[in-house]
Amino acid sequence: MLILSSSSEDLCTCSRLLKNGDIVAIPTETVYGLAANALDGDAVKKIFLAKGRPADNPLIIHISDISSFSEYCFPTESAYRLAEKFWPGPLTMILPKKPVVPDIVTAGLSSVAVRMPSHPTAHKIVSLCGFPLAAPSANISGKPSPTRFEHIINDLSQNEYVSAAVNGGNCECGVESTVVSLVSEKPCLLRPGAITVEMLRQVLPDLTVADAVLQRLPKNEKALSPGLMHKHYAPDAETVCLTGSADSALRYIKKRDTGKKTIVICFDGEEDVFSDYFTIPYGSPNKPETLAENVFAALRSADAEKGCELIYVRCAPPEREGLAVYNRLLRASDFTVIDTEECL
Ligand code: TXA
Ligand code: MG
């Protein structure tokens, strides 16, 4: 895997590889993506192989200017209003697809997911290419998304399908883009992100929130977004989310301590409370965007600790930017959230 910087010369190399049908890991403002020419089915296939991604999970295509929006889908009036307010930025819209988008990108669906990233490097790469880039998060399927360049090195440097990776440092949002479907009866939030429900409702007052954002879907129920069905973001070690005060969380942990190597991903300033355990602080619940920025890196660090068997994560309420973090932690823990105030 060739390692590239964000210099003009390296980004030219990156776009040359992408034009050639290769796949490249690139930084975005949300998480690192694994990119291919979205109009080249053979190139897109390599993404699925590299990630071990199920073929029924469609990809997002990334554009760099609004004039190309209608080349790949049929944008509605609401779509243009959302684009005006939130693009470039961490918002993905699901719209009816145009035939030019290969079926492999959309997993055979009649809709396509489109977003315009704000990260200057991602933006430059897409403009240099002159075609849209299909790019899922660059993790191996099911694992926490990569938000630091070292995550890319760890996961992909030996991957035979990945030709290069562009170092863009740390990803600012830390969680994937907000996904809104504009093909359902009412606009519907499928995945929460840095663009919050409250922000979206300023443009779409009738926005609904898909049940799957906060609940496990029954096995036989068809998800609005296939990605909601798959196991996600999970570390190798057993992961349990804890709500309530730090003191009640500590009592909960102590009471069930069976000597397993335990790591506590806590809020900033709580390290002393959990001092009997290895702690990884990941931000402040009063500033949920800090939790978002660090949540995947914290899950990865915990998992990388030698012998780690059990990870507890302090969990903030599912509000504003915290909804995205809660949604990812639900999946990382296989929906194991304990209210420690109630559980003593
Ligand atoms: O922030 C992001 O969106 C990152 C960066 C790299 O741009 N990408 C990303 O892609 O998170 P991925 O593939 O990890 O997540 C895409 C999500 C999946 O849950 C997928 O099922 C959903 O979007 N999706 C894609 N196309 C869809 C469609 N046509 N209808 C419904 N859901 C769709
Ligand atoms: Mg993903």
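Residue numbers start at 1 and run along the sequence shown. All ligand and atom numbering here is 1-based and tracks the order in the structure. This is a predicted model, so every value here is computed, not measured.
Close N/O approach between T30 and ligand 1 is found [any backbone or side-chain N/O within under 3.5 Å]. Below 3.5 Å of separation, one finds an N or O of S137 facing an N or O of ligand 1.
Under a 4.0 angstrom heavy-atom cut-off, R115 registers as being in contact with ligand 1. Residue contacts with ligand 1: I94 is included, with a non-hydrogen atom under 4.0 Å away. Ligand 1 has at least one atom lying under 4.0 Å from a heavy atom of R53. At least one heavy atom of A135 sits less than 4.0 Å from an atom of ligand 1.
Of the heavy atoms in R191, only side-chain atoms (C-beta onward) come closer than 4.0 Å to ligand 1. Residue-level proximity to ligand 1 for N57 is carried by the side chain, the only part with a heavy atom below 4.0 angstrom.
Using a cut-off of 4.0 Å between Lys/Arg side-chain N and Asp/Glu carboxylate O, E176 and R328 are scored as salt-bridged. Salt bridge annotation for K260-E238: present, with a cationic side-chain nitrogen under 4.0 angstrom from a carboxylate oxygen. Ion pairing of E29 with R115 is present here, as a side-chain N (NZ or NE/NH1/NH2) and a carboxylate O approach within less than 4.0 Å. D206 and R201 are not joined by a salt bridge, as no carboxylate oxygen comes within less than 4.0 angstrom of a charged side-chain nitrogen. With salt bridges taken as basic N to acidic carboxylate O contacts below 4.0 Å, none links K98 and E71.
There is no path of hydrophobic side-chain contacts, each under 4.5 Å, that joins I61 to F74.
Counting atoms of ligand 1 from 1 in the listed order, those under 4.0 Å from a heavy atom of E176 are 1 (O), 2 (C), 11 (O). When each atom of ligand 1 is checked for a heavy atom of S111 under 4.0 Å away, the hits are 28 (C), 29 (N), 30 (N). The atoms of ligand 1 that sit less than 4.0 Å from any heavy atom of L109 are 28 (C), 29 (N), 30 (N). The G33 neighbourhood of ligand 1 comprises atoms 6 (C), with distances under 4.0 Å to a heavy atom of that residue. Residue-ligand proximity, H62 to ligand 1, at heavy-atom distances under 4.0 Å covers atoms 5 (C), 7 (O). Heavy-atom contacts of S177 reach the following atoms of ligand 1: 1 (O), 2 (C), 3 (O) (cutoff under 4.0 Å).
In this structure, F274 has its ring center at least 6.0 angstrom away from the ring center of Y312.
Residue side and main chain included, S145 places no N/O/S atom under 2.8 Å of the Mg ion (ligand 2).
Nearest heavy-atom pair across V183 and S111 is CG1-CB, 4.3 Å.
V295 has its side chain out of reach of Y233: every pair of non-hydrogen atoms, C-beta onward, lies at least 4.5 Å apart.
The CG atom of L207 sits 10.0 Å away from atom OG of S181, with the distance rounded to the nearest 0.5 Å.
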